[in-house]
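Counting starts at 1 for both ligands and their atoms, following the listed order. In what follows, residues are counted from 1 in the order of the sequence shown. Remember, predicted model here, so these are calculated numbers, not experimental data.
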Amino acid sequence: MAYVVRHTLSREEKLAYIEAEKCLMSRPAKLGLTPAARTIFDEFQMVHVLQTPEVHFVGAFLPFHRLYVHAHEYMLATECNYIGAHPYWDESLDAENWESSVLFDPDTGFGGNGVGASKCIADGPFKDYINAIGPGQSQTDHCIDRDINKCLAKSAAPNVIENCMKMENFSSFWPCIENGPHGAGHGGVGGEMLNLFSSPGDPLFYLHHAYLDKLWAEWQAKNASARFADITGRNTGLPFGFGPGFNGSTPPVGSIPDGDPGNVTTLAHILSVNEIVPNVTVADVMDTKGGLLCYEYI
Ligand SMILES: [Cu+2]
């Protein structure tokens, strides 16, 4: 499937994407990852909860999230007949006026900030969705909540991005992205989005991570022959496992065969989205226009 991923959508394109996301929120769960998941949207969120310790602050951070956004696009198309491009959120455009971003528009966007003590979102197309997964590793029915933080959003500024783009190697590029613009999007939206485990409970997650993927793809394209093979980083990231109240089943961190000879991420590293699409290796996702993937950012 060939598709492009882009930011500037017409009103009709925005509404078509939102309708498709709402469709994933209405389709019954089918992967069997946890009895708590009611919908395909919930199951996507559960995939992230299950894999959080192994896909953050590690070499596979960008590759995993590239596959995860790809799987999201695949399900929008196959489950919900979505034929548009997977949009991204160019957060650098909004870094200085975060809360007035078009993404928070109640009519053509994802609704605005949370309100009251609960911080539940109160307008927009997703205000009535009840998350079954999260917050964190718990599984409790709750609203999608947001708590916009303008200060944290400032790390999405163009100069922060430019600084990351100047990095010569993946070993410095990836932490620059993960700690800078990655943190800015999650922290700037707040609420569910700020939760390391359950952040895909806010549908903004997918536009945020498509944007980070775009940055990686642009950085790769600056020196494609070297950067399509440039991967490194540790395999075990977070110094914690799964805590009390966690109902899913997952092996302890580090016990899943990862395809690497040691604790360094290589092109042979295995990526999984729990069978939403088949397992692949990091090598399979290095080029967005080669082999498995077939998209470009505009
Ligand atoms: Cu993540």
Side-chain angles (χ1 to χ4, degrees), residues 5 21 24 33-34 37 40-75 86 88-89 91 110 131 133-138 144-146 152-153 155-156 164 170 173-217 231 233-243 246 248 250 253-254 256 258 265 269-274 276-277 279-280 282 285:
V5 188
E21 192 72 73
L24 289 186
L33 294 177
T34 167
I40 289 178
F41 182 86
D42 296 345
E43 290 191 311
F44 258 99
Q45 195 187 1
M46 191 64 196
V47 168
H48 192 271
V49 169
L50 287 169
Q51 301 211 33
T52 289
E54 303 200 330
V55 297
H56 298 93
F57 309 106
V58 294
F61 168 71
L62 286 169
F64 167 81
H65 288 84
R66 173 168 284 178
L67 182 67
Y68 190 64
V69 172
H70 165 70
H72 183 247
E73 192 276 345
Y74 174 78
M75 289 297 258
H86 193 300
Y88 62 88
W89 177 5
E91 294 159 6
F110 291 71
N131 275 332
I133 307 301
Q137 292 163 274
S138 69
I144 298 173
D145 60 333
R146 290 185 192 138
L152 293 176
S155 293
C164 292
F170 187 82
F173 174 77
W174 134 60
C176 189
I177 291 293
E178 186 165 10
N179 296 326
H182 172 244
H186 284 288
V189 174
E192 197 87 36
M193 261 290 270
L194 190 49
N195 195 296
L196 190 60
F197 287 84
S198 62
S199 45
D202 188 328
L204 281 170
F205 175 97
Y206 296 98
L207 284 83
H208 172 54
H209 268 280
Y211 173 59
L212 302 175
D213 188 55
K214 172 181 182 280
L215 297 178
W216 184 29
I231 189 77
R234 56 194 172 271
N235 279 343
T236 47
L238 299 171
F240 54 85
F242 288 84
F246 182 67
T250 189
V253 173
I256 303 170
D258 52 33
T265 309
H269 185 90
I270 297 164
L271 301 170
S272 165
V273 285
N274 299 75
I276 293 176
V277 296
N279 288 2
V280 298
V282 166
V285 301

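- Between the side chains of Q45 and S198, no donor-acceptor pair of N or O atoms lies under 3.5 Å.
- Restricting H65 to its N, O or S atoms, the one at the least distance from the Cu ion (ligand 1) is NE2.
- For the side chain to side chain contact (heavy atoms under 4.5 Å, CB included) with W216, the lone residue among F170, W174, Y211 that qualifies is F170.
- Remark: at the Cu ion (ligand 1), atom NE2 from H56 and atom NE2 from H48 enclose 100°, rounded to the nearest 10 degrees.
- Distance check for H209 against the Cu ion (ligand 1): none of its N/O/S atoms falls below 2.8 Å.
- Between the side chains of N274 and Q51, at least one donor N or O sits under 3.5 Å from an acceptor N or O.
- The shortest distance between side-chain heavy atoms of F64 and V58 does not fall below 4.5 Å.
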